[in-house]
Every structure is written in structure tokens, then in C-alpha cells.
Amino acid sequence: MTAVTDVAAQWEATCEVLGGLVSKDAYQRWFRASRLVAVEDSKAVVAVPNDIHQVWIETNYMPELATAVAETMEGVRGVKLVVEDKLPEILEPVSDLDRAVPARSVNVASAAGEVPFEKRLKTSGLNPQFTLDNFVVGANSQFAHAACEAVGKRKGPGYNPLFIHGGSGLGKTHLMQAIGQAYLRSSPTSRVVYLTCEKFTNEFIDAVRKGDLERFRKRYRHAELMLIDDIQFIGGKERSQEEFFHTFNSLLDGRCQVVLTSDRPASEIKSLEPRLVSRFECGLTVEIQPPVFETRLAILQKKRDEWKVKVEEGIIRFLAERIRSNVRRLEGALMRVATFASLAGERVTEDRVEHLLRDLLREETGKQVTVDSIQRAVADHYDVRLADMTSRRRPASIAFPRQIAMYLSRTLTKQSLMEIGEAFGGRDHGTVIHAVKRITAQMELDPSTRDSIGVIEASLRR
């Protein structure tokens with residue numbers, strides 16, 4: 001840690017760290033108008049606008065402020081808050097400050113240890129329910145769980161980055177956040193940051209708009225463990241990829257552990273720069289697959305016990321047999337059945353479950369149609385490359401099949417116009433609307449187009 005002698009520079013450095021320990025709103029509301037008055041007698045004197053700020057910070061954010069001060073001011077052992085209009089009274093040796101202004105002093109060295117574990121989790125963006133111990137391990141997730149356990153216990157130095165991929169609702173976020181919890185338990189002062197790719201992108205855009213890129217960069221480049229969820233959404237966002245590339249390199253150079261999750265392997269993320277693909281693949285890549293029957297059964301039994309709900313074993317087995325796609329859907333089905341049993345006060349039969357879960361069971365029995373599967377089917381039917389679905393090439397032989405794929409994505413999936421546009425190379429929603437209108441009109445005028453689309457739909461549902 002390097003000492004900073006200039007008071008303004010000291011406070012700026014402290015605010016950079018503090019911005020990563022409290023929410024953006026909390027920082028803007030309670031700390032933006034504060035300033036460092038002096039560092040005397042091993043205490044940092046921080047001025048705040050009024051009594052409300054003083055009381056609120058002392059009650060809610062003193063440990064975070066003390067931690068930020070400890071990271072940026074060498075030899076400082078305490079923090080004292082004073083109100084701006086009382087500064088003339090107390091600008092005297094710090095040894096007299098206690099008499100001038102009643103204030104709460106915090107020992108910096110012990111501040112981090114005094115922060116409740118739950119608050120440290122919240123500051124890092126972690127869900128306390130996601131731990132390694134309560135993750136049900138099966139053949140589908142055994143390797144992924146072992147890798148996460150090694151990283152969480154700092155026994156996997158070569159697993160950097162750790163890239164976890166698998167379908168939606170299979171437990172990627174659970175395992176990722178469990179790594180964060182393990183880090184914080186073993187080292188309470190570790191700087192752990194969890195965020196979604198969407199949040200990273202939005203904050204980057206906001207920083208560009210406000211001309212505050214330097215602050216954005218410093219916020220994330222001081223982390224010891226960086227957890228980024230759903231990294232596939234960075235595909236197609238060129239400026240965000242550029243910024244993430246440099247952030248990623250900075251983190252690895254600083255020996256920060258990075259963990260990423262995605263719904264597909266890095267090489268299959270659309271419009272992802274090759275240099276990012278290679279970075280994502282330079283560590284350890286693990287996959288989580290849909291759980292087998294025994295694992296699904298164990299998950300349901302564990303959740304039943306955790307939630308303390310009464311659902312017969314026969315119904316639990318019925319759910320495990322019929323719902324196979326992902327864990328999130330399994331848990332949702334159990335909650336729906338348990339809630340009905342509790343409210344109706346009657347025994348739940350399989351027939352009743354069939355009725356309660358008819359929408360889920362219908363989706364489970366039918367083949368899932370996704371934008372990816374539509375793109376593949378259309379590319380096969382019209383004999384074009386799959387990459388042409390997302391490319392910027394516009395000859396009619398490519399543009400027309402691409403528009404058909406957009407039309408089918410809009411009619412056969414629940415994806416929004418924005419999401420469909422993103423899946424087709426980062427196009428905007430207006431392009432998708434135009435494609436849908438054009439193909440709809442073409443189907444009315446041209447029977448061959450209508451027949452082709454019928455054939456593609458049939459292949460998707462088989």
C-alpha cells in the first residue's frame with residue numbers, strides 16, 4: 001500500500017475503493033458531497049454536509065468507509081466524521097476532536113473483521129443461499145462442482161479464468177456465487193465482485209456517456225475475485241468487448257481470479273472477438289449438463305426438506321420423472337404443488353399434479369425451439385453457412401433466409417425483438433420488424449415460401 005500525501009488525492013483514491021464497496025445510489029447519496037479534511041494523529045477526519053449524513057453513515061456505512069481508508073491511507077487507524085458547519089470549532093489537533101464533536105470512531109484495522117458476514121455478501125452482490133454445501137452434485141455437474149470447490153478454496157491456481165457453461169437453470173450462477181462465499185469465508189477482507197454481463201455493459205455505457213471511464217475502470221480492476229454472469233451477452237457489443245478485453249487482461253495480470261458463466265462454450269458465442277475467445281479458453285472450461293433422474297430426485301427431496309413442505313414421495317418421484325430440462329423448472333413445479341397442497345388442504349394426486357402443471361409438462365414433452373435451432377434449420381434448408389445468419393453480408397441468397405429465420409424466431413419463441421436482433425449479429429428491433437412484415441407478406445403471395453416455412457417448422461418440432 002502506497003501512502004498518498006495530498007488530501008484531495010487521498011480522498012479521491014478512497015472514493016475509488018468505496019465505490020466498489022457500496023451501491024452506486026448509496027455512494028451518490030451519502031458520500032459524493034463528503035470530503036477529507038485532514039489526516040492527523042493517525043485519524044482521517046471526513047467532513048459531511050449535515051447531521052443526517054453523519055448519523056446515517058455512522059449507522060450504515062462506517063465499516064465500508066473504514067476499509068476504504070485502510071486500503072488507501074498508510075498508517076491511518078481511525079475515521080472521524082464531522083459536520084461541515086462545525087469545522088471552525090474542531091479544526092484543532094485531532095486529540096481534541098472527541099471533545100469538540102461527538103462522533104463515532106472506528107478502528108480501521110479491525111473494521112473489516114467487524115462487518116457481519118451477511119453484509120459482506122450483500123456488498124459483493126452475493127446470495128447467501130448459494131453455497132457449495134447446498135448444491136446437489138450429480139454426474140451432470142460433478143466436474144464443475146469440483147473445479148468450483150478448488151477455486152473457492154484457492155487450490156486451483158491454473159483454473160484462471162474458470163469458464164462455466166450450460167443451459168439455463170442448471171446451477172451456473174449458484175456455483176459461481178458459492179465460489180465468492182468460499183473466498184469471503186477464508187479471507188474476510190477479500191475484494192469480491194459479482195455482476196452480470198448486462199450490468200457491466202450498462203455501467204460502461206453510462207461511464208462513456210458521463211465521460212467517467214477512468215472511475216469505471218478503477219472500480220473493477222482492484223478486485224481479487226471477479227465473478228461475471230451470462231458473459232454471452234457481450235457478443236456483438238464491440239466497444240464493450242474492447243473495454244472488457246483490457247479489464248480482463250488487467251485482472252489476470254494482477255493475479256485476480258476470474259470466473260465466467262455462459263449458456264454456451266466461448267467458441268459458440270456469436271460475434272465474440274477471437275482474442276476474447278482465446279482468453280476465455282486459456283484457463284479451465286467446465287460444462288453443466290441437465291440432471292439425470294437420480295439427481296433430479298435428490299434435488300427435489302432436498303428442497304422439500306429445506307422449505308419444510310409436505311409433498312408425498314410418490315409425487316416427488318413423479319415430478320423427477322416428468323420434468324427433465326432444468327433445475328429451476330423442477331423447483332418451480334415443487335413450489336406450485338406444495339402451495340396448492342397447503343392452501344387446498346387436500347391430498348395431492350398425480351392427476352391433480354397433471355392439471356396444476358399442464359403448461360410445464362406440455363413444454364417438457366414438446367421439443368424446445370430456440371433461436372439457435374431455428375438458425376441452424378434455416379441454414380440447412382437454404383444451404384447457407386450458419387455464420388451468414390449473423391453476418392453483415394446482404395446478397396439476396398443470404399438476406400432472404402436470414403429474414404425467414406427472424407420471422408420464425410418471432411413466431412416460435414418467446415424472445416423479444418431486441419433479443420432476436422442481438423442473436424442475428426446485433427441488429428436492432430426495427431430490422432426484425434421489417435423481416436417479419438416482409439415474410440408475412442411473401443407467404444400470402446408465394447405458396448413456395450409458405451411451403452418452405454412449413455417444412456422448416458416441421459423439422460424444428462420433430
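All values derive from a computational prediction rather than experimental measurement. Because only heavy atoms are used, hydrogens play no part in the values below, and waters and symmetry mates are left out as well, while side chains stay in.
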Using a strict threshold of under 4.0 Å (side-chain N to carboxylate O), is an ion pair present between [Y] and [X]?
X: Glu71; Y: Arg191; answer: no
X: Glu149; Y: Lys153; answer: yes
X: Glu306; Y: Lys303; answer: yes

If you count heavy atoms of other groups shown closer than 6.0 angstrom to [atom1] of [X], is the number above 12?
X: His355; atom1: NE2; result: no
X: Gln142; atom1: CD; result: no
X: Glu313; atom1: CD; result: yes
X: Glu354; atom1: CD; result: yes
X: Asp305; atom1: CG; result: yes

So [Y] and [X], do their side chains get closer than 4.5 Å, heavy atoms only?
X: Thr370; Y: Ser409; value: no
X: Leu334; Y: Ile299; value: no
X: Phe400; Y: Ile439; value: yes
X: Pro161; Y: Val259; value: no
X: Glu268; Y: Ser262; value: no
X: Val378; Y: Ile456; value: yes
X: Thr123; Y: Val22; value: no
X: Arg427; Y: Met406; value: yes

Supply the atom-to-atom distance [X] [atom1] to [Y] [atom2], rounded to the nearest 0.5 angstrom.
X: Asn202; Y: Glu198; atom1: CG; atom2: CD; result: 5.0 Å
X: Leu21; Y: Leu65; atom1: CG; atom2: CG; result: 9.5 Å
X: Leu272; Y: Ser267; atom1: CG; atom2: OG; result: 9.5 Å
X: Phe318; Y: Ile323; atom1: CZ; atom2: CD1; result: 8.0 Å
X: Ser190; Y: Arg185; atom1: OG; atom2: CZ; result: 13.0 Å

Hey, does the side chain of [X] reach the backbone of [Y] with a donor-acceptor pair shorter than 3.5 angstrom?
X: Thr411; Y: Tyr407; answer: yes
X: Ser141; Y: Ala144; answer: no
X: Gln177; Y: Phe130; answer: no
X: Ser124; Y: Leu126; answer: no
X: Arg264; Y: Ile269; answer: no
X: Thr440; Y: Val436; answer: yes
X: Arg322; Y: Leu319; answer: no
X: Asn160; Y: Val258; answer: yes
X: Arg154; Y: Val151; answer: no
X: Asn140; Y: Gln289; answer: yes

Going by the rule ring-ring contact (aromatic ring centres under 6.0 Å, His included), which residues pair with [X] if we only count those two or more places apart in sequence or in a different chain?
X: His145; answer: Phe135
X: Phe340; answer: none
X: Tyr183; answer: none

Identify the heavy atoms of Met443 and Thr449 that sit nearest to each other, and give their distance.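 Heavy atoms only, the tightest pair is CG-CG2, 4.1 Å.
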Review point. Which atom names give the shortest non-hydrogen contact between Tyr194 and Gly125, and what distance separates them?
Key: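 That closest heavy-atom pairing would be CD2-O, 3.2 Å.
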Notebook entry, point to check: Do Ser278 and Glu281 pass the side-chain contact (heavy atoms from CB on, under 4.5 Å) test, and can you show the C-alpha distance, the side-chain angles, and the key distance before you say yes or no?
Noted result: CA-CA 5 Å; Ser278 66; Glu281 293 179 337; 5.7 Å; no
Can you list everything that forms a salt bridge (Lys or Arg N to Asp or Glu O under 4.0 Å) with Arg209? Sequence neighbours excluded, please.
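Once residues adjacent in sequence are excluded, the partners of Arg209 under the salt bridge (Lys or Arg N to Asp or Glu O under 4.0 Å) criterion are Asp206.
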inquiry  = According to salt bridge (Lys or Arg N to Asp or Glu O under 4.0 Å), who are the partners of Lys237, at least two apart in sequence or on a separate chain?
reply    =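 Applying salt bridge (Lys or Arg N to Asp or Glu O under 4.0 Å) to Lys237 gives Glu422.
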Report task. Could you note down all residue pairs passing side chain to side chain donor-acceptor pair (under 3.5 Å) where residues 332-342 supplies at least one of them, sequence neighbours left out? Result ->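 For residues 332-342, and leaving out neighbouring residues, the side chain to side chain donor-acceptor pair (under 3.5 Å) pairs sorted by first residue read Arg336-Asp359.
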ask   = Looking at the rings of Phe200 and Phe216, which for Trp means the six-membered one, are their centres under 6.0 Å apart?
value =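 Yes, close enough.
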For [X], which residues count as a side chain to side chain contact (heavy atoms under 4.5 Å, CB included) partner, sequence neighbours excluded?
X: Val309; result: Arg304, Trp307, Val311, Ala338
X: Ser452; result: His381, Tyr382
X: Phe245; result: Asn249, Arg275, Leu276, Arg279
X: Pro128; result: Leu121

Consider only side-chain N and O atoms of [X] and [Y], and report whether a donor and an acceptor are under 3.5 Å apart.
X: Thr196; Y: Asp230; result: no
X: Gln375; Y: Lys270; result: yes
X: Thr14; Y: Thr72; result: yes

For Ser397, check side-chain hydrogen bond (donor to acceptor under 3.5 Å, both in side chains) against everything at least two apart and list the hits.
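side-chain hydrogen bond (donor to acceptor under 3.5 Å, both in side chains) check on Ser397 returns nothing, list empty.
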Of Gln129, Lys302, His174, which is the lone residue that meets side-chain hydrogen bond (donor to acceptor under 3.5 Å, both in side chains) with Asn134?
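Only one option passes, and that is His174.
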Between Phe163 and His165, what is the ring plane arrangement, given parallel below 30°, perpendicular above 60°, and tilted in between?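 The arrangement is tilted - the two ring planes meet at 30° to 60°.
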Item to complete: Would you sort out whether Arg217 and Thr247 count as a side-chain hydrogen bond (donor to acceptor under 3.5 Å, both in side chains), showing the intermediate values?
Response: CA-CA 7 Å; Arg217 288 166 180 157; Thr247 298; over 6 Å; no
Review point. Can you check ring-ring contact (aromatic ring centres under 6.0 Å, His included) on Phe248 and Phe280, steps first, answer last?
Key: CA-CA 9 Å; Phe248 186 82; Phe280 292 170; 5.7 Å; yes
*For residues 388-405, pull every pair meeting salt bridge (Lys or Arg N to Asp or Glu O under 4.0 Å), keeping only residues two or more places apart or in separate chains.*
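Matches after skipping sequence neighbours: Arg385-Asp388, Asp388-Arg393.
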